[in-house]
Amino acid sequence: MRTPFISANWKMNKTVDETVLFMKEFIPLVKDTKGVDIVIAPPFTALQTAFSLLKDTNISLSAQNVFYEEKGAYTGEISPSMLTEIGCSYVIIGHSERRQYFNETDEIVNKKIKIAQKYGLAIIMCIGESLAEREAGKTMDILKKQLINGLKHISAENIIIAYEPIWAIGTGKTATTEQAQEAHNFIRGELRSLYGKTAEEIRILYGGSVTPDNIKALMSCQDVDGALVGGASLKADNFAKIVNFKK
Ligand code: PEP
């Protein structure tokens, strides 16, 4: 039985003050929600404030990135121990925006996953194809390559996969339930090849223009175990509706 998992990815949005306002509105809206793992990934600067507000709630904290070394001369980077120290339980790794704008390769993603796992962080590993790749019929090849290279020598412990077709991120174009299920089913198959029966326990999230209107249909797909939500997670009432998709 895989517990549904819904995570907000705020990207480069919200100051500390805006984080406080959001949490004050959001926490009461989900306080009675049961049977869903709820996670929020604010920017680095708001993590500590977010953690102080989320203590003793049913909401966990995620970072949006981590560096692959433990410490040293890496100006501007953040280490895994810096994240665990301020209350992060999760980290998003390999988001397509990082792959696209910051040249993150599968090899870098692999190094980041390795160190995050060493420090006990749970990992939301993002994979997904571009529109050109989908139109060229290469979707499954891309997903396979990202999974195999990203998870090389990595155990299944604390791994969550987020399937995020790049053409659906921030575009308002959601994958159809058929497209999502097809990709998730394929990913589950690849995870079986890597991890055997443990693959049945790994949560596979869908990400790409998830809203309160489409979450229920997406969650009805057999292999969709949750969602990674960008734009629609920025408003507390909207994100609460997504988290409360069962109601
Ligand atoms: C994301 O960036 O992870 C995402 C899914 O964004 P959006 O929901 O805005 O498409």
Side-chain angles (χ1 to χ4, degrees), residues 4-14 18-19 22 26 36-44 46-47 50 59-66 88 90-104 109 112-113 116 121-131 133-134 139 142-143 146-147 150 159-177 179-181 183-184 187 203-219 221 223-245:
F5 184 104
I6 308 278
S7 178
N9 172 19
W10 284 355
K11 314 189 186 193
M12 198 174 72
N13 292 293
K14 293 200 191 292
E18 288 164 346
T19 299
F22 178 98
F26 182 70
V36 180
D37 289 343
I38 311 169
V39 176
I40 298 183
F44 286 131
L47 284 173
I59 305 159
S60 302
L61 192 63
S62 176
Q64 298 175 17
N65 186 25
V66 67
C88 285
Y90 295 86
V91 59
I92 298 172
I93 295 180
H95 192 281
S96 62
E97 287 153 15
R98 295 215 55 88
R99 292 177 189 260
Q100 192 180 342
Y101 304 131
F102 304 99
N103 303 318
E104 276 192 15
V109 168
K112 290 185 171 190
I113 294 175
L121 286 157
I123 292 126
I124 302 171
M125 176 200 184
C126 300
I127 58 172
E129 81 288 359
S130 67
L131 185 59
E133 288 160 347
R134 175 161 282 267
T139 298
I142 296 293
L143 297 181
Q146 290 177 336
L147 281 171
I159 296 288
I160 295 162
I161 306 293
Y163 168 59
E164 299 207 307
I166 298 169
W167 48 271
I169 296 179
T171 58
K173 277 189 213 153
T174 321
T176 62
T177 48
Q179 286 170 325
Q181 174 55 25
H184 283 230
I187 293 165
R203 274 140 346 149
I204 307 174
L205 319 180
Y206 168 79
S209 299
V210 171
T211 66
D213 294 332
N214 58 30
I215 183 69
K216 222 178 183 135
L218 288 162
M219 290 303 290
C221 300
D223 288 291
V224 175
D225 306 313
L228 183 56
V229 187
S233 73
L234 294 172
K235 286 213 171 114
D237 56 344
N238 254 359
F239 188 51
K241 280 184 199 151
I242 294 173
V243 166
N244 291 325
F245 70 95

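The residues of the chain are indexed from 1 along the displayed sequence. Everything quoted here is computed from the prediction, not taken from an experiment. Each ligand, and each atom within it, is numbered from 1 in the order the structure gives.
The residue from V91, I93, L121 that alone fulfils the side chain to side chain contact (heavy atoms under 4.5 Å, CB included) condition with K112 is I93. Tested against R203, the residues I161, D37, I124 include a single side chain to side chain contact (heavy atoms under 4.5 Å, CB included) partner, D37.
The shortest N/O to N/O separation between G231 and ligand 1 falls below 3.5 Å. When only interatomic distances are considered, the shortest N/O to N/O separation between E164 and ligand 1 falls below 3.5 Å. Checking only distances, L228 never comes within under 3.5 Å of ligand 1, N or O to N or O. Residue contacts with ligand 1: G230 is placed with a nitrogen or oxygen under 3.5 Å of a nitrogen or oxygen of the ligand (distance criterion only).
Classified by interplanar angle (parallel below 30°, tilted 30° to 60°, perpendicular above 60°), the ring pair F22/F239 is tilted. Taking the six-membered ring for Trp and thresholds of 30 and 60 degrees, F5 and Y90 have ring planes more than 60 degrees apart, a perpendicular arrangement.
Within ligand 1, the atoms closer than 4.0 Å to a non-hydrogen atom of G208 are 5 (C), 10 (O), numbered from 1 in the order shown. The G170 neighbourhood of ligand 1 comprises atoms 7 (P), 9 (O), 10 (O), with distances under 4.0 Å to a heavy atom of that residue. Interface atoms of ligand 1 facing N9, defined by a heavy-atom separation under 4.0 Å, are 1 (C), 2 (O), 3 (O).
Nearest protein heavy-atom contact of atom 2 (O) of ligand 1 is K11 NZ, 2.5 Å. Of all protein heavy atoms, the one lying nearest to atom 1 (C) of ligand 1 is H95 NE2, 3.2 Å.
Contacts with ligand 1 closer than 4.0 Å are made by backbone heavy atoms (N, CA, C, O) of A168 only, the side chain lying farther away. Looking at I169 against ligand 1, both its backbone and its side chain come within 4.0 Å, counting heavy atoms.
Residue A232 places every heavy atom at 4.0 Å or more from ligand 1. Within the structure, the closest approach of S96 to ligand 1 does not fall below 4.0 Å when heavy atoms are considered.
Among residues two or more places apart in sequence or in another chain, the side chain to side chain contact (heavy atoms under 4.5 Å, CB included) test is passed with T19 by W10, K14, M23, A46, A50. D213 meets the side chain to side chain contact (heavy atoms under 4.5 Å, CB included) test with T211; sequence neighbours excluded.
Side-chain contact between L218 and F245 is absent, with no heavy atoms from C-beta onward closer than 4.5 Å.
Formation of a donor-acceptor pair under 3.5 Å by the R98 side chain with backbone atoms of V109 is not found in this model.
Distance check, rounded to the nearest 0.5 Å: CD1 of I6 to CD1 of I38 gives 9.0 Å.
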